[in-house]
Every structure is written in structure tokens, then in C-alpha cells.
Amino acid sequence: MPDTVINAEGLSKEYLIGHQAADRPGETLREALMKKSASFAQRIKDTLAGRPIVVGTTFEKISALCDVSFSVALGEVVGIIGRNGAGKSTLLKILSRITKPSAGRVTICGRVASLLEVGTGFHSELTGRENIYLNGAILGMTRADVRRRFDEIVAFAEVERFLDTPVKRYSTGMYMRLAFAVAAHLEPDILVVDEVLAVGDAMFQKKCLGKMEEAASQKGRTILFVSHQMATITSLCQRVILFDQGRVVFDGAAAAAVARYYGQDGSGLRLTSYYPAPRAARDEFATLLFGAIEDFDGNKIEAIDIRRSFRVRFSYRLNRSMSGRPFPFIEVYNSKGQCAFVSPGTFPLEAQEGAYESICVIPSNLLNSDAYSIDLTLNCEHAGSHSGFHHKSALSLVVADSVENATDGGARNGFTGLLAGVVRPALNWKTRRLS
Amino acid sequence: MRQDILIIEPASVANRFWRDLWDYRELFFVLAWRDVAIRYKQTAIGILWALLRPFVAMVIFTVIFGKLAGLPSTAGTPYALLVFAGLLPWNLFATSLADAGNSLIGNANLISKVYFPRLIVPAAAIVTSLVDFLVSLFILVGLMIWYQFTPGWQFLLLPVFIVMAALAAFGAGLYVSSMTVRYRDFRIVVPFALQFGMYLSPVGFNAGIVPEKWRLLFDLNPLVGIINGFRWSILRGPDPFDWPSALMSAAVISLTLWLGIRRFERDESILADVI
């Protein structure tokens with residue numbers, strides 16, 4: 001049983017917010033004055049009672065977190081995902097002691113460093129060198145720590161030449177690099193990171209993620225990591241907690257959590273059959289009957305290891321016989337909406353009225369680690385007119401890649417960093433010594 | 001692994017308050033250093049401002065109170081020295097209080113993104129004013145040379161009054177900074193109050209000219225005791241040490257400090273939510 005380093009029980013956080021009724025057109029001066037004086041009286045009452053001022057005509061309690069419980073073991077890397085406003089940032093703020101919960105408690109063993117923003121406390125008038133010390137102190141490093149790692153930080157940020165220039169003269173990229181470099185050299189027991197890696201160019205992002213992976217895998221740090229980039233989440237974290245409207249809705253394997261995340265809105269995740277077919281998936285020529293992503297034993301799957309092959313199977317009915325040849329298609333899109341590939345299928349039969357099934361096998365080591373949605377399409381042709389169904393985002397799937405298996409087959413060849421791209425083919429490499 | 005167990009709960013954990021302050025002492029020094037470092041960045045004459053402002057104020061006060069109003073100095077001390085011995089603590093108090101009061105909202109970004117004991121923000125603001133104060137001590141030295149005035153043993157007790165002035169500003173500053181976070185009205189009220197306070201304190205005149213029947217009320221202003229103390233230690237007396245105002249001042253400062261810390265301790269946990 002591994003040691004528990006974070007234990008949250010029944011955490012809740014409520015905020016009181018005010019809503020200002022919109023000014024109606026045609027409001028008389030008297031009405032406007034009445035409204036203003038009412039809110040003025042309210043403010044004075046709040047002030048005298050020592051309550052914070054909340055501006056508005058109506059009030060509402062917003063529950064940012066609602067009875068959240070979880071625990072994190074030593075050395076675990078836990079991803080936290082959810083839509084905007086799901087409570088992720090509030091949770092991080094509570095864990096890093098910036099704000100107090102309204103109810104519940106957290107027990108934390110060890111030193112926590114939180115990175116809710118890159119470059120907190122950077123002062124534009126100060127030079128790069130001065131800001132390194134300042135930011136280091138703010139993030140909880142001692143001066144001795146900073147001095148010891150100073151050269152490393154500077155090298156990581158690639159700003160050697162501008163160390164004694166005020167950071168207000170820095171380009172945005174330099175500023176961000178310097179800011180992240182300080183944070184990357186923190187050495188806490190527990191690191192809490194909000195979506196801060198979405199800065200800088202692709203190269204630098206890769207470097208930052210590499211640094212985090214190193215902290216997690218080699219130094220055994222416990223990391224809590226919020227991100228909207230699912231590819232990052234699945235490659236960095238073994239375990240993911242999914243939040244929705246302040247509650248934990250899923251806590252478990254990364255790939256499954258990501259799959260569920262995409263399934264949150266109605267249009268997203270489709271794993272299984274539907275019958276009768278939705279309106280989009282039928283017309284006078286053809287009707288989609290069933291679709292699924294399966295392994296080779298016929299089990300429906302929502303996530304698959306990147307090194308394994310899987311198949312897309314769908315069945316449909318041709319509502320009449322046709323003169324032209326039908327084409328079944330699958331179109332695969334990644335989480336950013338980029339098309340990974342389109343594959344037209346075969347139909348080596350007469351296009352008679354009746355039910356048919358098409359199976360497309362997707363080889364291993366083709367798609368990169370990400371969440372994908374798959375469109376199912378049937379193009380039909382009869383006497384010069386084209387038709388058929390096109391069901392957008394009919395199925396979804398998470399391709400998961402764990403860096404722990406870097407040496408165990410696949411395209412990584414032992415490399416543990418982040419690999420960009422829509423595809424991740426395992427290619428043939430030859431390297432030889434020249435001199 | 002170091003076993004450092006932290007429990008986060010809705011109720012404030014009072015016994016951690018002082019321990020955290022100690023743990024974060026290094027950040028206190030860094031923030032104080034930052035405030036000093038940026039104070040005169042991108043100004044043409046830089047730290048000279050810390051000399052120029054009190055000097056001009058001294059000249060104006062000497063002319064208005066000493067020459068035009070013809071107020072008496074104490075036993076043959078030059079009026080300029082009398083004024084400056086009053087301006088020094090007043091400026092220290094006023095800039096400290098104003099800076100400390102605004103310090104929390106000035107560091108709003110820091111407070112909403114990182115945890116540290118919030119108390120060190122107003123405390124660091126006081127240090128910045130202390131640095132300005134130490135610089136303006138050079139004017140005092142210059143004046144003493146100009147008037148060929150040698151200080152006596154009393155001068156050694158000056159640090160006591162400096163600390164009193166800083167603590168007075170700190171106590172009030174804690175209260176004001178915490179209230180400013182809730183009610184920005186304080187940003188307007190404080191400079192206004194300080195403007196008046198200057199005339200309610202014996203900055204441009206000697207406390208001795210205040211009628212005896214008003215003295216007790218007058219002494220409730222902690223600056224009276226502090227300014228009297230400054231004059232006594234800088235001007236070698238010449239009036240005997242004013243115990244009543246000094247003790248009253250010490251009492252009022254203790255009370256403000258207690259109120260300020262209590263207010264701050266209560267508000268600390270909600271600062272990030274309200275700011």
C-alpha cells in the first residue's frame with residue numbers, strides 16, 4: 001500500500017455572486033434612482049456588517065466544488081480534466097492554500113509547490129537575473145536553492161545574453177521561457193500545475209513536458225496536473241480525475257477518463273450501436289444500423305493502447321437496389337478537429353436491397369495518442385444521383401500511450417518525451433557509425 | 001521524505017500563523033528588496049528623490065511656521081532643525097502607512113496565485129519606507145554640519161523612536177490594507193486623513209505651544225510622542241523628556257498593533273476570494 005500524500009474529504013467551495021438586472025430601455029429617471037439607492041443602501045449595510053461588497057440586484061450561491069473526495073499516493077502523476085468551470089482551478093487553489101474550502105478538509109504530507117500561472121510576481125522593471133531570484137522566492141525556493149541552480153535555469157530559458165536587461169524589454173517568448181524555467185527547477189515533494197504549459201512555441205513546450213516527465217519518473221515527485229490537452233494528459237498521467245460542475249464524475253485510468261470527457265456533451269462519445277439510426281444516418285438509399293469500435297474478440301472498446309490494432313465495424317441497410325457501386329467510408333478526426341485520414345472501403349458485391357456489414361482494420365502504431373472521433377459514411381450512386389448517409393462523429397476512441405512502455409515495441413524506440421503529430425508510425429530506422 | 005503534515009480546513013488555523021511567518025521570512029526579505037529596487041527605476045535622479053522631497057518640505061515649513069507665523073523654537077535651536085526632526089518621523093509614518101495600506105491590492109496578482117503569509121506584504125512595504133527614511137537622515141547630518149550642531153548622548157536612543165514610528169504605521173497599515181481589500185474607499189480616505197494628520201501632529205511646530213488643557217487629547221495622537229522623542233534625541237533635549245506623551249504613544253501603538261494583527265489574521269484566509 002503506497003503512502004497517501006494528499007487526502008481530500010468532502011471538499012466544497014461556495015461563492016456568492018451578484019447579478020445586476022439589465023437596464024430596461026425606457027426606464028424612467030425615478031426608477032433608475034430608486035434602483036441605485038437601493039443598491040447603495042445594500043452596500044452600506046454590507047459594509048457595516050463587515051461583509052464583502054457584492055454588487056447586484058439578485059444573489060446566487062455558486063458551488064464551485066461540491067463534496068469532492070480523493071486521495072493521491074506518493075509518486076503518482078494525476079491528471080485533472082473537465083470543462084471550463086468544472087472546478088479544477090478552485091481545487092488547485094485550495095490545495096495550494098490560496099483559498100479556504102467552505103467545507104471538508106485536505107491533509108497533505110510534504111512540501112507543495114503550485115504553479116497556477118507562469119511568471120507570478122515577475123516585475124517588468126527588474127532584470128532577468130533579479131526576476132529569477134524574485135520568482136524563485138515566491139515559488140518557495142530559498143536563495144541558496146536558486147543560486148545553486150541559477151546556471152541551469154538560465155540555460156533552460158535560453159536567455160543568457162539578456163540576463164541584465166529588464167524583462168519588459170523581453171519578447172513574449174523569452175519572458176515565458178524564463179518564467180517557466182524558474183518553475184521547472186522547483187524541487188517540492190508535491191507539484192500542483194495548472195494549464196501553464198500552453199505557452200511558448202512547440203519546441204519549448206516539449207522541453208517543459210520533458211522536464212515534468214523527468215520529475216515524475218526519475219525523482220518520484222507527486223504531480224497534480226490540469227490540462228485541456230488530452231494527448232499530454234494520456235502520455236503523462238496514469239490516473240485522471242474528471243470533474244463536471246464541481247463534482248468528481250470519474251476517477252481512474254487516463255484513457256477511460258479522456259473517453260468519458262469527450263462523451264460529456266451529447267455529440268461526442270459514441271461507443272456502441274444505435275437502432276433505429278438517427279436521422280442523420282438514413283436516407284432513401286441507405287440506413288446506418290450499427291457501428292462499433294472493437295478489438296478482435298468483438299469486445300467494444302473506448303480506449304486502446306497505441307501499439308495495438310483494432311477495427312471499426314458498421315452495418316447498414318440498402319433501402320433499394322442501385323446501379324452504381326456504394327462506397328463505405330470512415331473519416332478519422334483528432335481532438336483538435338484535424339482530419340487524420342479518410343479511408344474508402346470495398347464493396348465487392350451487387351448493390352441489392354438488404355443488410356450489409358463493413359469492417360475496417362486500423363493497424364497498430366498508426367494514430368498518435370489522442371482522442372479521435374470517427375465519421376461513418378456510405379456513398380451511394382443510382383442513375384446519376386449521389387446520396388447515402390454521413391454520420392458525423394458516430395464513434396469515438398482514445399488512443400493511449402504510456403511512456404512506461406517506451407521500450408516495449410511501438411514507435412518510441414525507447415524515447416520517453418512527447419511526440420507531436422497526428423500519426424505515430426513505427427518506421428524503419430538504421431543508424432550506423434561513419435567515422 | 002520530510003514529514004510535514006498540513007491540514008486545510010474551513011476554520012482558520014491560528015497556531016500556524018506565526019510559524020508560517022517564520023518559514024517565509026526569506027520571501028519577506030525578497031519582497032522588501034524588490035520594492036526598494038523598483039522604487040526609483042527609470043527615474044532620472046533616482047534615490048535623490050528621497051533627499052529632495054523632505055528637504056523642500058523642510059524649507060517650506062521653516063518659512064511658513066518659523067518666519068511668517070513666527071512660532072517659537074526650543075531654547076535656541078535653529079527652526080529648520082526643529083522642523084526636520086519632526087518631518088523625519090512624520091514622513092516615515094505617512095509613507096509607511098500609505099504604502100502598507102495599498103500593498104495588498106498592489107500585489108493582488110501574487111495573492112490570488114501563490115500562497116504565503118499575507119502579512120509579509122504590508123511588512124515589506126514598511127521596509128521600503130525605512131530605506132527612504134535612512135537616506136533622508138543624510139539631510140539631517142548636512143543640517144547639523146551647516147548649523148554646527150553636535151548631537152548628544154540622547155541621539156543613541158533615536159532607534160527606539162524609529163521603531164515606534166514604524167510599528168505605529170505597521171499596526172494601522174495592517175488594518176487599512178485588509179479593509180482596502182474589501183472596501184476600496186480606504187484608498188481615498190487614507191491620503192485625505194494623512195493630509196489632516198500632518199497638521200494635527202507637531203510637525204511644523206513645537207508641541208509645547210499646545211495649551212495645557214488640550215494636551216491629553218492632543219497626546220492621543222501617537223505621532224506626538226514619537227515626534228517629541230525624535231526632537232529630544234536629535235536636539236539634545238533641550239526640553240526635558242516628555243514622558244506623558246511617550247507613554248501614551250506607546251499605549252496607542254500597542255493597541256493599534258493588536259487591532260491590526262487581529263483584523264489581518266481574521267481576514268487573511270478570504271483575501272484571495274475578495275481581492
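Since we're looking at a predicted model, the values are computed, not measured. Protein chains get the first letters and strands the later ones, always in sequence-line order, with residue 1 at the start of each. For the numbers below, each heavy atom of this structure counts, side chains included, while hydrogens, waters and symmetry mates do not.
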Worksheet item: What distance separates A:His123 NE2 from B:Ile38 CD1, expressed to the nearest 0.5 Å?
Response: 3.0 Å
Worksheet entry | Interatomic distance, B:Asn107 atom CG to A:Thr120 atom OG1 [nearest 0.5 angstrom] | 12.0 Å
Worksheet entry | Listed partners of A:Arg149 passing side-chain hydrogen bond (donor to acceptor under 3.5 Å, both in side chains), at least two apart | A:Glu152, A:Glu187
Discussion item. Any non-hydrogen side-chain atom of A:Asn131 less than 4.5 Å from a side-chain atom of B:Arg34?
Written reply: no
Worksheet entry | Short N-O contact, B:Asp23 and A:Arg111, less than 4.0 angstrom | no
Item to complete: Taking atom CD of A:Gln245 as the centre, report whether more than 12 heavy atoms of other residues, nucleotides or ligands fall under 6.0 Å from it.
Response: no
Worksheet item: Crowded around A:Arg143 CZ? As in, over 12 foreign heavy atoms under 6.0 Å?
Response: no
Worksheet item: Is the number of heavy atoms from other residues, nucleotides or ligands within 6.0 Å of CZ (B:Phe138) greater than 12?
Response: no
Item to complete: Enter the distance from A:Lys93:NZ to B:Lys113:NZ here, rounded to the nearest 0.5 Å.
Response: 5.5 Å
Discussion item. Between B:Leu27 and A:Met141, is the side-chain contact (heavy atoms from CB on, under 4.5 Å) condition met? List the steps.
Written reply: CA-CA 9 Å; B:Leu27 182 59; A:Met141 291 161 108; over 6 Å; no
Discussion item. Taking side-chain hydrogen bond (donor to acceptor under 3.5 Å, both in side chains) as the definition, give me every residue that meets it alongside A:Ser89, ordered by chain and number, with sequence neighbours left out.
Written reply: A:Asp194
Worksheet entry | Side-chain ion pair, A:Lys13 and B:Asp273, N-O less than 4.0 Å | yes
Discussion item. For A:Thr107, which atoms come within 4.5 Å of any heavy atom of chain B: side chain, backbone, both, or neither?
Written reply: both
Worksheet item: What do you reckon, is CZ of B:Arg53 surrounded by more than 12 foreign heavy atoms closer than 6.0 Å?
Response: no
Worksheet entry | Neighbour count >12 (heavy atoms, 6.0 Å) for atom CG, B:Leu259 | yes
Worksheet item: Around atom CZ of B:Arg39, are there more than 12 heavy atoms of other residues, nucleotides or ligands at under 6.0 Å?
Response: yes
Worksheet item: When rounded to the nearest 0.5 angstrom, what distance separates CH2 in B:Trp33 from CD in A:Glu130?
Response: 4.5 Å
Worksheet item: Tell me, side chain or backbone of A:Ser96 under 4.5 Å from chain B's heavy atoms, or both, or neither?
Response: backbone
Worksheet item: Does CZ in B:Phe55 sit with more than 12 non-hydrogen atoms of other residues, nucleotides or ligands closer than 6.0 Å?
Response: no
Worksheet item: If we only count heavy atoms from C-beta on, is the A:Arg105 to B:Ile8 side-chain gap below 4.5 Å?
Response: no
Practice prompt. Could you have a look at A:Leu139, A:Leu95, A:Leu126 and say which one has the most heavy-atom pairs with chain B under 4.5 angstrom?
Written response: A:Leu126
Discussion item. Quick check for you: to the nearest 0.5 Å, what is the distance between A:Ile98 atom CD1 and B:Ile111 atom CD1?
Written reply: 10.5 Å
